[in-house]
Asks: 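Would you mind keeping the following structure in view while I ask a few things?
Letters go in sequence order (proteins before strands), and every chain restarts at 1.
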2 protein chains.
Amino acid sequence: MSLEDLEDEGRRAKPEPVTERAGAYTKPTLKTIAEMTGLAVTTVSRALADAPQIALETRLRVRQAAEQIGYLPDRAAQRLRTGRTNVISLILDPHEEILGYATSMIRGLTEALRRTPYHLVVTPHFSDTPQIDPVRHIMRNRMADGIIFTRTEPSDPRVKLLMENNFPFICHGRTELATAHPYVDYDNYGFAYQAARKLIDAGAKKLSIILPPERFTFAHHMRHGFMTAVREEGIGFEIARGVTLDSKSDDIRDYLYHRMGEPECPDGFICGGEVSALAVMAAAYDHGLALGKDVRLVAKQTSGLFDQVRPRVETIYEDLSEAGLLMGRLLLKRIAGPVPVHELQALQTV
Amino acid sequence: MSLEDLEDEGRRAKPEPVTERAGAYTKPTLKTIAEMTGLAVTTVSRALADAPQIALETRLRVRQAAEQIGYLPDRAAQRLRTGRTNVISLILDPHEEILGYATSMIRGLTEALRRTPYHLVVTPHFSDTPQIDPVRHIMRNRMADGIIFTRTEPSDPRVKLLMENNFPFICHGRTELATAHPYVDYDNYGFAYQAARKLIDAGAKKLSIILPPERFTFAHHMRHGFMTAVREEGIGFEIARGVTLDSKSDDIRDYLYHRMGEPECPDGFICGGEVSALAVMAAAYDHGLALGKDVRLVAKQTSGLFDQVRPRVETIYEDLSEAGLLMGRLLLKRIAGPVPVHELQALQTV
DNA sequence: ATGGCGATTTATAACGATATAAACGCAGTC
DNA sequence: GACTGCGTTTATATCGTTATAAATCGCCAT
């Protein structure tokens with residue numbers, strides 16, 4: 001159905017074109033349908049909501065009329081009246097350079113929101129203000145029906161605030177709070193554990209891991225998995241000092257280059273991110289060290305990037321797109337009504 | 001100011017707590033301020049709009065009261081009344097795997113929208129429906145005040161539709177339409193031209209370029225820049241057949257691997273994307289060809305990725321974050337009022 | 001006929017903001 | 001004292017939707 005058809009329908013429906021400018025396209029509303037069918041606006045509204053008090057025949061007639069003129073409810077009006085926004089807010093730190101991290105998640109989220117009335121609004125969180133500000137803002141001003149955020153901390157104030165106010169949300173990552181809360185997380189313990197075992201199996205004698213910043217819960221998970229593996233094997237290890245996965249990639253490379261020139265340097269590296277893995281490779285290359293022989297590497301893979309990286313690097317995959325999908329689905333479920341918390345938790349395994 | 005303070009203010013303002021549940025936080029509205037100041041709702045509205053008919057003293061008093069209770073206008077109500085949505089819609093194809101492409105642009109966009117009342121809404125366009133659908137939908141249902149989209153085509157129907165309806169938009173990339181339209185674009189002609197010259201200067205004897213899909217305008221620009229350079233130098237060349245920058249990276253690598261095993265293979269490659277550049281490197285590696293000696297490469301860089309890639313690769317930078325910033329600024333300017341089209345065009349130079 | 005009942009439809013008010021036109025108070029003028 | 005004009009404030013209506021209560025209808029029992 002073309003735009004022109006719709007205009008025609010709109011005009012035909014209005015018997016008295018009083019103030020209507022010729023050719024002006026007027027958006028169909030409930031009133032339009034009411035005039036078409038000779039019913040009251042209220043009836044049309046109820047009919048479209050499929051209320052059982054409205055005669056079945058009327059409901060069908062109304063639905064048909066609505067379809068004919070391509071009626072879509074006005075979101076602003078619905079929102080004003082009902083208080084529901086039909087918006088899911090994704091809080092993103094636009095300074096995060098994390099390669100494709102957000103993109104993958106957005107892909108999964110939009111997939112989950114497909115064919116629902118929900119829109120995805122990206123709410124930036126600029127790091128010069130407290131993390132909790134956008135959350136408070138969204139809650140206080142009813143900017144969304146649900147919130148999604150990432151980079152969860154052990155005693156994350158955002159989680160506390162949202163739980164206290166019973167506001168629907170899903171976060172990427174877990175807290176260490178006593179009360180259970182909704183989340184989608186990746187098993188970073190398992191990642192680090194498996195990565196360490198792979199390196200050991202391949203013959204590495206001393207392991208090193210570059211961790212996320214300490215303030216994030218998943219840094220602890222990774223460390224724990226790493227420590228468990230090295231302790232089990234009684235192998236040498238160290239944890240990269242002064243740099244994290246959030247450091248500028250040049251800084252990571254500089255650190256590694258420096259470290260590789262020192263005695264007792266590790267020969268097995270674990271990287272929780274693709275860019276830092278490339279930095280390891282660059283540092284080794286600049287030292288003339290052979291990857292897979294002098295130095296070994298296991299990286300977390302979140303995109304197709306490492307399929308093209310040579311020499312080939314062992315990777316463990318984290319599906320961020322699926323994480324987004326899960327977060328979207330769980331959030332919609334939570335918004336629809338009260339759900340036991342454990343049904344709103346998902347852990348992606350290695 | 002804490003949430004509790006706000007509640008207190010809210011209650012203090014209401015002299016008769018009739019239906020108000022104790023402790024329930026009620027969002028401040030114009031009415032709240034009206035009751036606080038003893039003015040009419042209309043006056044408060046006009047005062048906050050800084051209308052000159054309202055006495056300066058009143059304006060100040062109202063503004064102070066608003067600040068005190070942390071008043072923020074209800075977007076749904078404003079939208080319903082004024083028809084303005086305060087929303088910028090970014091149309092994204094969530095199936096695009098383009099690494100960080102969207103993220104960079106979103107970063108720039110959110111920066112441009114910062115401290116404005118505008119929100120960024122990501123509108124997915126699933127490739128199983130016509131490209132124009134989301135545009136039409138946004139226009140017909142007034143879902144946004146302005147639209148941003150990417151991957152512009154020579155006679156892009158989206159541009160036509162938006163121009164016909166005088167709807168504010170900026171697209172990333174240009175059309176070849178007769179009528180000028182707003183855009184932000186990167187000089188891909190210059191990119192390909194410079195890339196070719198770099199390769200020739202480095203001693204390459206036969207050049208190859210991997211182009212974007214033909215339907216996008218920037219594919220033509222790239223080809224043109226490429227052809228101009230090779231013609232000027234009278235050097236051998238070819239254009240990758242059967243694969244584009246949108247192909248799966250494995251397919252690109254397979255194509256290149258195959259090509260590198262044939263006679264008269266190019267020894268200089270131009271890649272308009274980071275993943276495809278890695279694919280070139282992988283193919284060369286798998287053949288045992290030395291990069292920078294047997295095979296040369298110039299890549300377009302849109303992230304910090306290639307700073308860590310070894311051996312070092314010559315790159316030309318495209319600032320997508322800046323593109324997003326520009327698009328945001330220009331769109332806001334356009335929304336604010338009519339602007340000559342040439343003031344809404346920006347070309348990022350190489 | 002009268003009342004009551006179930007099934008269906010409708011009128012009214014409200015959400016929170018703003019555009020429009022009207023009203024108000026107070027000066028100065030005739 | 002009535003009139004005009006100015007600066008300021010306010011009442012009213014409206015955007016499109018929906019929750020609530022009220023109204024209408026036919027039909028059956030009284």
Asks: Just checking A/T42: base, sugar-phosphate only, or nothing, at a heavy-atom cut-off of under 4.0 Å?
Replies: base
Asks: Using a 3.5 Å cut-off and no angle test, enumerate the donor-acceptor pairs between side-chain atoms of residues 40-55 of chain B and protein atoms at least two apart in sequence or in another chain.
Replies:
from: B/R46; atom 1: NH2; to: B/Q53; atom 2: OE1; distance (Å): 3.0
from: B/D50; atom 1: OD1; to: B/R63; atom 2: NH2; distance (Å): 3.1

Asks: Which parts of residues 44-59 of chain B get close to DNA chain D, meaning a heavy atom less than 4.0 angstrom away?
Replies: B/Q53, B/I54, B/A55, B/T58
Asks: C/dA17 C1' sits how many Å from B/Y71 OH, rounded?
Replies: 7 Å
Asks: For B/A77, which contact category applies under a 4.0 Å heavy-atom criterion: base, sugar-phosphate, or nothing?
Replies: base
Asks: Find which nucleotide of DNA chain D each of B/G38 and B/T82 is nearest to by heavy atoms, and output the residue with the more 5' nucleotide.
Replies: B/G38
Asks: Send over the distance from B/D74 CG to C/dG16 C1', rounded to a whole Å.
Replies: 6 Å
Asks: For the pair B/H172 (side chain) and B/R151 (backbone), establish whether a donor and an acceptor sit closer than 3.5 Å, ignoring hydrogens and angles.
Replies: no
Asks: If you go through the side-chain atoms of A/R81, does one of them form a donor-acceptor pair with the base of D/dT17 closer than 3.5 Å?
Replies: no
Asks: Picking from D/dT10, C/dA17, D/dG16, which would you name as closest to the side chain of B/L39?
Replies: D/dT10
Asks: At under 4.0 Å between heavy atoms, what does A/T43 touch on the DNA or RNA strands: base, sugar-phosphate, or nothing?
Replies: base
Asks: Quick one: are B/R158 and B/F169 in side-chain contact, heavy atoms under 4.5 Å?
Replies: no
Asks: What is the distance, rounded to the nearest whole Å, between atom NZ of B/K31 and atom C1' of C/dA13?
Replies: 12 Å
Asks: Please check: side-chain N/O of A/D145 versus main-chain N/O of A/N86, any donor-acceptor pairing under 3.5 Å?
Replies: yes
Asks: Take the protein atom CZ of B/R61 and the nucleotide atom P of D/dT8, then report the distance between them rounded to whole Å.
Replies: 14 Å
Asks: Using whole Å, report how far CG of A/N141 lies from C1' of C/dA17.
Replies: 15 Å
Asks: If I take atom CG in residue B/L30 and atom C1' in nucleotide D/dT9, what distance separates them, rounded to the nearest angstrom?
Replies: 15 Å
Asks: Any salt bridge linking B/K27 with B/D74? Criterion: basic side-chain nitrogen under 4.0 Å from a carboxylate oxygen.
Replies: yes
Asks: Is there a side-chain contact between B/R75 and B/H119, using heavy atoms and a 4.5 Å cut-off?
Replies: yes
Asks: Distance check needed: D/dT18 P versus A/R75 CZ, whole Å only.
Replies: 13 Å
Asks: Using modelled atom types and a 3.5 Å cut-off, is there a donor and acceptor pairing between side-chain atoms of A/Q345 and backbone atoms of A/H181?
Replies: yes
